[in-house]
K.L.:
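Okay, handing you the structure first.
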2 protein chains.
Amino acid sequence: MTVQGDRRKFRREGADQRKEALVRATLGLIAEEGVRGATVRAIAERAEVTQGLIRHYFSTKEDLVLAAYTQHMDALTEQTFAKAEGATPRARLAALVVASVTPPVADAASVALWAGFLTQVRQDARMQEVHARSYHGFRDRLEALIAEVLAQDGRAADSRDCRPLAIACNAVIDGLWLEGGALADAFEEGELAAIAVQSVGAILGMNLTGTEAQE
Amino acid sequence: MTVQGDRRKFRREGADQRKEALVRATLGLIAEEGVRGATVRAIAERAEVTQGLIRHYFSTKEDLVLAAYTQHMDALTEQTFAKAEGATPRARLAALVVASVTPPVADAASVALWAGFLTQVRQDARMQEVHARSYHGFRDRLEALIAEVLAQDGRAADSRDCRPLAIACNAVIDGLWLEGGALADAFEEGELAAIAVQSVGAILGMNLTGTEAQE
DNA sequence: AGGTTAATTATGCAAGCGTATAATTACGCG
DNA sequence: CGCGTAATTATACGCTTGCATAATTAACCT
């Protein structure tokens with residue numbers, strides 16, 4: 001006869017759903033409150049479970065953070081390339097560039113998230129691995145797209161030539177992404193997108209402006 | 001008759017020196033261990049004082065962090081522009097660009113420091129102010145230099161034209177700075193510098209390569 | 001149905017955190 | 001030289017943190 005009706009009701013859920021909910025809660029908290037605010041208790045509360053459950057799915061908080069980081073970076077890359085559509089390589093590149101510096105890819109939360117993780121990247125080897133993989137994953141795809149664009153123009157698309165171009169284009173994109181996210185109200189609507197397209201075009205030695213919508 | 005010889009010996013120092021020592025300790029710790037590692041106790045230990053003293057000079061830890069952030073950002077800008085020397089505007093710009101993506105301005109510690117602070121920038125209005133002031137401070141000086149370079153070439157140096165160019169150049173610089181610091185071993189020695197000079201030149205529509213040393 | 005078990009909650013603990021306050025001591029000044 | 005005081009140390013408090021462990025319960029299986 002256990003009359004303890006004040007115990008919290010709950011529903012059992014699959015491991016994947018729970019893990020994802022916990023990851024989502026973690027990301028939301030880090031974005032809004034910073035890593036400092038993403039405590040085990042706060043994460044549990046936001047995911048509408050009790051803190052003990054976290055330990056049931058992630059043997060340590062580090063593991064949870066690693067999972068969250070991985071998902072965030074993958075989502076960021078995927079979100080960006082998903083918008084890189086168009087009839088010609090040039091149009092796809094322009095669309096990619098615009099998407100990179102426009103919400104939801106470029107916004108305060110994304111940047112805050114990324115910065116919040118960077119600290120742990122330096123200290124955790126697994127985080128470092130994810131970081132490197134994510135960076136190269138994005139840049140390699142960018143490099144491939146640049147090669148296509150150059151080929152279309154009949155220019156040499158040797159990897160020796162493309163690599164520095166990809167690094168440079170990636171840097172402009174990252175820089176603008178960063179500044180747009182960290183200092184949004186310093187720029188006008190669409191200003192960053194225009195600058196991004198213009199700059200990437202200049203680096204590649206071609207005019208990219210106006211190619212997003214047409215062609 | 002107070003026989004308590006185990007009390008720590010100390011030397012009195014001026015407020016400025018102590019404050020600076022505390023700031024330096026804070027920066028070192030955040031760079032090495034992350035914000036999490038920069039506890040009041042750890043800072044005090046590194047500065048070779050006891051934790052109580054921190055409260056004597058900074059009424060709250062937030063104040064200390066703000067002071068540290070201010071100093072770091074100012075030092076970064078100053079360090080960079082200090083190397084922007086040369087006979088012609090073009091040479092000065094090239095030197096500035098190279099300095100921006102080369103140690104000690106661009107290294108893991110600087111980037112880690114910057115990222116570590118970003119979290120607090122979003123939450124503290126005073127930090128935000130320093131952030132904005134620092135960003136614009138750098139960019140405005142960059143814009144002025146770009147205007148000089150364009151004028152030398154006999155091109156229009158209107159602020160309406162220069163602003164987007166400055167934003168773009170600043171973005172490449174920031175992007176490369178970031179990637180060089182966060183992923184140093186992904187690039188070869190001097191690779192980032194070469195790419196930076198090349199890209200800024202492309203954005204400005206001129207050849208900047210090889211202008212650092214000569215002219 | 002009813003027993004089994006894994007999912008979930010509840011509770012507790014030791015360590016570390018920032019901050020407050022009282023006790024000491026180095027050092028300048030008359 | 002000794003006195004005053006500001007600089008510094010010492011100690012403690014309340015809170016939060018990540019983690020561990022025991023108690024409970026929802027849902028599946030036969």
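Each chain gets a letter, A, B and so on, in the order its sequence line appears, and its residues count up from 1. Note: hydrogens, waters and symmetry copies are ignored here, and every other heavy atom, side chains too, is used. What you are looking at is a predicted structure, and each value in this text was computed from that prediction instead of being measured.
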K.L.:
Find the distance H56(B):NE2 to dA7(D):P and express it as a whole number of Å.
P.N.:
5 Å

K.L.:
Could you state the atom-to-atom distance from CD1 of I43(A) to C1' of dC19(D) in whole Å?
P.N.:
14 Å

K.L.:
Using a cut-off of 4.0 Å on non-hydrogen atoms, how would the nucleic acid contact of V40(A) be classed: base, sugar-phosphate, or nothing?
P.N.:
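Sugar-phosphate contact only - V40(A) comes under 4.0 Å of backbone atoms but never of a base.
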
K.L.:
Starting from the 5' end of DNA chain C, give me the residue, T60(B) or R11(B), whose nearest nucleotide shows up first.
P.N.:
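Nearest-nucleotide comparison on DNA chain C picks T60(B).
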
K.L.:
With a 4.0 Å cutoff (strictly under), does any side-chain N or O of R36(B) reach OP1 or OP2 of dG16(C)?
P.N.:
no

K.L.:
Expressed as a whole number of angstroms, how long is the span from L22(A):CG to dG18(D):C1'?
P.N.:
15 Å

K.L.:
Considering just the side-chain nitrogens and oxygens of Y57(B), establish if one lies under 4.0 Å of OP1 or OP2 belonging to dT8(D).
P.N.:
yes

K.L.:
Would you mind telling me which residue lines up with the more 5' stretch of DNA chain C, G14(A) or S59(B), judged by nearest nucleotide?
P.N.:
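Here G14(A) is the residue nearer the 5' end.
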
K.L.:
Could you check how far CD of Q17(A) sits from P of dT8(C), rounded to whole Å?
P.N.:
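Roughly 10 Å, once rounded to whole Å.
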
K.L.:
Could you tell me the separation between the CD atom of Q51(A) and the P atom of dT9(C), rounded to a whole number of Å?
P.N.:
11 Å

K.L.:
Rounded to whole angstrom units, what separation is found between the CZ atom of R8(B) and the C1' atom of dA7(D)?
P.N.:
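Atom-to-atom, R8(B) to dA7(D), this comes out as 13 Å.
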
K.L.:
With heavy-atom distances below 4.5 Å as the criterion, would you say the side chains of V97(B) and V101(B) are in contact?
P.N.:
no

K.L.:
Assess whether a salt bridge exists between E32(B) and R122(A), defined as any Lys/Arg side-chain N lying under 4.0 Å from an Asp/Glu carboxylate O.
P.N.:
no

K.L.:
Let me see the working for R36(A) and T119(B) under side chain to side chain contact (heavy atoms under 4.5 Å, CB included), right down to the final yes or no.
P.N.:
CA-CA 9 Å; R36(A) 197 188 189 100; T119(B) 295; 5.9 Å; no

K.L.:
dT25(C) P sits how many Å from K9(B) NZ, rounded?
P.N.:
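These atoms are roughly 6 Å apart.
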
K.L.:
Heavy-atom nearest nucleotide on DNA chain D for I54(B) versus R12(B): which residue maps closer to 5'?
P.N.:
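Here R12(B) is the residue nearer the 5' end.
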
K.L.:
Assess whether a salt bridge exists between E148(A) and R92(A), defined as any Lys/Arg side-chain N lying under 4.0 Å from an Asp/Glu carboxylate O.
P.N.:
yes

K.L.:
To the nearest angstrom, how far is E33(B) atom CD from dC17(C) atom C1'?
P.N.:
16 Å

K.L.:
Inspect the contact between R18(A) and E20(A) and indicate whether a charged nitrogen and a carboxylate oxygen are less than 4.0 angstrom apart.
P.N.:
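Here E20(A) does not pair with R18(A) in a salt bridge, since their nearest N and O are not under 4.0 Å apart.
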
K.L.:
Check this for me: does the side-chain of R41(A) come within 3.5 Å of the base of dG18(D) through a donor and an acceptor?
P.N.:
yes

K.L.:
Scan T39(B) against the nucleic acid and name what it touches under 4.0 Å (heavy atoms): base, sugar-phosphate only, or nothing.
P.N.:
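The residue T39(B) makes sugar-phosphate contact but no base contact.
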
K.L.:
Remember a base hit wins even if backbone is also touched, and classify F58(A) as base, sugar-phosphate or nothing at under 4.0 Å, heavy atoms.
P.N.:
nothing

K.L.:
Is there, by distance only and without an angle test, a donor paired with an acceptor across the side chain of R7(B) and the base of dT9(D) below 3.5 Å?
P.N.:
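In this structure, the two groups form a donor-acceptor pair.
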
